[in-house]
Novice: 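This is the structure I want to talk about, given as structure tokens.
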Amino acid sequence: MKNSLSKIVLAAMMTAAPLVASEYTFNSHSLFAIEGGMSDVTTESAAVMEKDELANVGLKLGAQTDNYRVFLSGRHYQVEDYNSLRTYGVEAQYMFNFSEPVNFFLGANAGKAKIKVGANGADPSAETTTTYYGADAGFNLHASEMVDIEIGAKYMEMQDGVITQGATTLEVDKIVTAYASLIIKWEMD
């Protein structure tokens, strides 16, 4: 897990470095965001597919130029069937600046999801870590020079989200999230 997470952080830093270190970048910002949303999590167990609706909260730290934005992100999902579901990853986005107060963005995301299923009677709890890949899109509203409000949707597909606890096998397939973020930005020197 630590090795994979450090690879994700290294990839994000390498991706963000040209954005923040370029002598041609005139309008670059550091970003900190608090995010809240609702997610549909699709799972399969014993040939039955279920869709659970989960609330989530997250933090994002990133950098932005006029057209590009990169975030490191972490999210916690409020779950009943599992003890916990958390995601850690990187998001890279291209921003279409079609008006002064609002822009539209499209992006890609990747990272790790940690799933833990609680104890059921005599069975011990079980956990797994899996890789996810996905996409996101949304609108960024410029509330002020230092504050943006982001409204978006995110899709994350799990690569191998299979977890077995006793006789029960659960597979987490994908997470689809609608969210809003409050982004605080400041200029980088």
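Since the model is a prediction, treat every value here as computed from it, not as a measurement.
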Novice: Main chain of G37, side chain of N56: is a donor-acceptor contact present, judged purely on distance under 3.5 Å?
Specialist: yes
Novice: Passes side chain to side chain contact (heavy atoms under 4.5 Å, CB included), L59 versus I34? Steps please.
Specialist: CA-CA 5 Å; L59 296 175; I34 299 170; 3.9 Å; yes
Novice: What's the separation between atom CD1 in I184 and atom CZ in F32, rounded to the nearest 0.5 Å?
Specialist: 6.5 Å
Novice: Measure across M156 and Y77 and return the closest heavy-atom pair with its distance rounded to 0.1 Å.
Specialist: CE-OH, 3.0 Å
Novice: Not counting sequence neighbours, which residues clear salt bridge (charged side-chain N to carboxylate O under 4.0 Å, His left out) with K174? List them please.
Specialist: none
Novice: State, to 0.1 Å, how close S39 and T177 come at their nearest heavy-atom pair, and which atoms those are.
Specialist: OG-OG1, 2.7 Å
Novice: Sequence neighbours left out, what passes side chain to side chain donor-acceptor pair (under 3.5 Å) with Y133? Give chain and number order.
Specialist: none
Novice: Using the side chain to side chain contact (heavy atoms under 4.5 Å, CB included) criterion, which residues pair with K60? Sequence neighbours excluded.
Specialist: A33, E35, F71, S73, R75, E91, E150, Y179, S181
Novice: Is it true that atom CD of Q78 has more than 12 heavy atoms of other residues, nucleotides or ligands lying nearer than 6.0 Å?
Specialist: no
Novice: Considering non-hydrogen atoms only, spot the tightest contact between L106 and A137 and give its length.
Specialist: CD2-CB, 3.6 Å
Novice: Looking at CE of M38 and CG of L54, how far apart are the two atoms once the value is rounded to the nearest 0.5 Å?
Specialist: 7.0 Å
Novice: Residues in salt bridge (charged side-chain N to carboxylate O under 4.0 Å, His left out) with E127, at least two apart?
Specialist: K114
Novice: Rounded to the nearest 0.5 Å, how far apart are CG of L61 and OG of S30?
Specialist: 7.5 Å
Novice: Roughly how far, to the nearest 0.5 Å, is NE2 of H29 from CH2 of W186?
Specialist: 10.5 Å
Novice: For the side chain of N97 and the backbone of D66, is there at least one donor-acceptor N/O pair under 3.5 Å apart?
Specialist: yes
Novice: Which residues pass the side chain to side chain donor-acceptor pair (under 3.5 Å) test with D148, sequence neighbours left out?
Specialist: N140, H142, K185
Novice: Are F96 and F105 near enough that their ring centres are under 6.0 Å apart?
Specialist: no
Novice: In chain order, what residues pass the side chain to side chain donor-acceptor pair (under 3.5 Å) check against D160, with sequence neighbours excluded?
Specialist: none
Novice: With rounding to the nearest 0.5 Å, note down the distance linking CD1 in I175 to OH in Y132.
Specialist: 8.5 Å
Novice: Side-chain heavy atoms nearer than 4.5 Å, only ILVMFWY residues, links allowed to pass through others: does that put Y94 and V102 together?
Specialist: yes
Novice: Going by atom types only, do T131 and K112 share a side-chain donor-acceptor pair under 3.5 Å?
Specialist: yes
Novice: Give, for atom OH of Y155 and atom CG of N109, the distance between the pair rounded to the nearest 0.5 Å.
Specialist: 10.5 Å
Novice: Determine whether K154 and T87 satisfy the following criterion, side chain to side chain contact (heavy atoms under 4.5 Å, CB included), listing intermediate values before the conclusion.
Specialist: CA-CA 12 Å; K154 185 176 308 303; T87 59; over 6 Å; no
